[in-house]
Amino acid sequence: MPLSYFIALSATLLCIGIYGVLARRNAILVLLSVEIMLNSVNINLIAFSRYITPDTIVGQIYTIFAMAAGAAEIGIGLAVVLLIYRGRETVNVDEVNMLKW
């Protein structure tokens with residue numbers, strides 16, 4: 001399978017993720033969109049690693065680090081969203097203005 005297919009898939013996922021972050025107002029859906037963007041990066045890492053250096057697993061190792069960082073980010077993000085929901089009873093990012101002066 002050519003590398004261009006993976007790049008096209010990754011670009012599509014990245015565009016979907018960017019649209020989700022910019023268009024959605026629900027904080028949980030924004031976090032899910034960020035995860036879609038991280039997965040597009042993972043696809044690129046594995047595809048380029050496979051095509052450039054097929055004998056090594058450098059891309060796969062970087063992907064594991066990216067997945068671990070994404071899991072940590074989602075854990076912290078969900079904790080923040082839950083705390084905001086307890087205080088404000090909404091997860092709409094437009095209504096959360098606690099950090100504004």
Checklist entry - Do Y5 and L3 sit in the same hydrophobic cluster, where Ile, Leu, Val, Met, Phe, Trp and Tyr count as joined when their side-chain heavy atoms come under 4.5 Å apart? => result yes
Item to check | Pairs meeting criterion salt bridge (charged side-chain N to carboxylate O under 4.0 Å, His left out) with involvement of residues 13-29, two or more places apart | outcome: R25-D94
Can you give me every donor-acceptor pair (side chain of residues 6-18, partner residue at least two apart or in another chain, under 3.5 Å) with its distance?
unit_1	atom_1	unit_2	atom_2	d
S10	OG	S40	O	2.7
S10	OG	N44	ND2	3.0
T12	OG1	A8	O	2.8

Item to check | Interatomic distance, S33 atom OG to L38 atom CG [nearest 0.5 angstrom] | outcome: 11.0 Å
Check: residues 58-68 side-chain donor-acceptor pairs under 3.5 Å, at least two apart:
unit_1	atom_1	unit_2	atom_2	d
T63	OG1	G59	O	2.7

Item to check | For L82, all residues meeting side chain to side chain contact (heavy atoms under 4.5 Å, CB included), sequence neighbours excluded | outcome: none
Item to check | V34: side chain to side chain contact (heavy atoms under 4.5 Å, CB included) partners, not counting sequence neighbours | outcome: V21, M37, E73
Item to check | Neighbour count >12 (heavy atoms, 6.0 Å) for atom CD1, I57 | outcome: no
Checklist entry - Got a sec, which residues hit side chain to side chain contact (heavy atoms under 4.5 Å, CB included) with I52, two or more places apart in sequence or on another chain? => result F48
Checklist entry - What is the distance from atom CD1 of I74 to atom CG of L32, rounded to the nearest 0.5 Å? => result 6.0 Å
Checklist outcome for this item: Rounding to 0.5 Å, atoms CD1 (I76) and CG (L31) come to a distance of 11.0 Å
Checklist entry - So, for I84 and T90, which heavy atoms are closest and what is the spacing to 0.1 Å? => result CG2-O, 3.8 Å
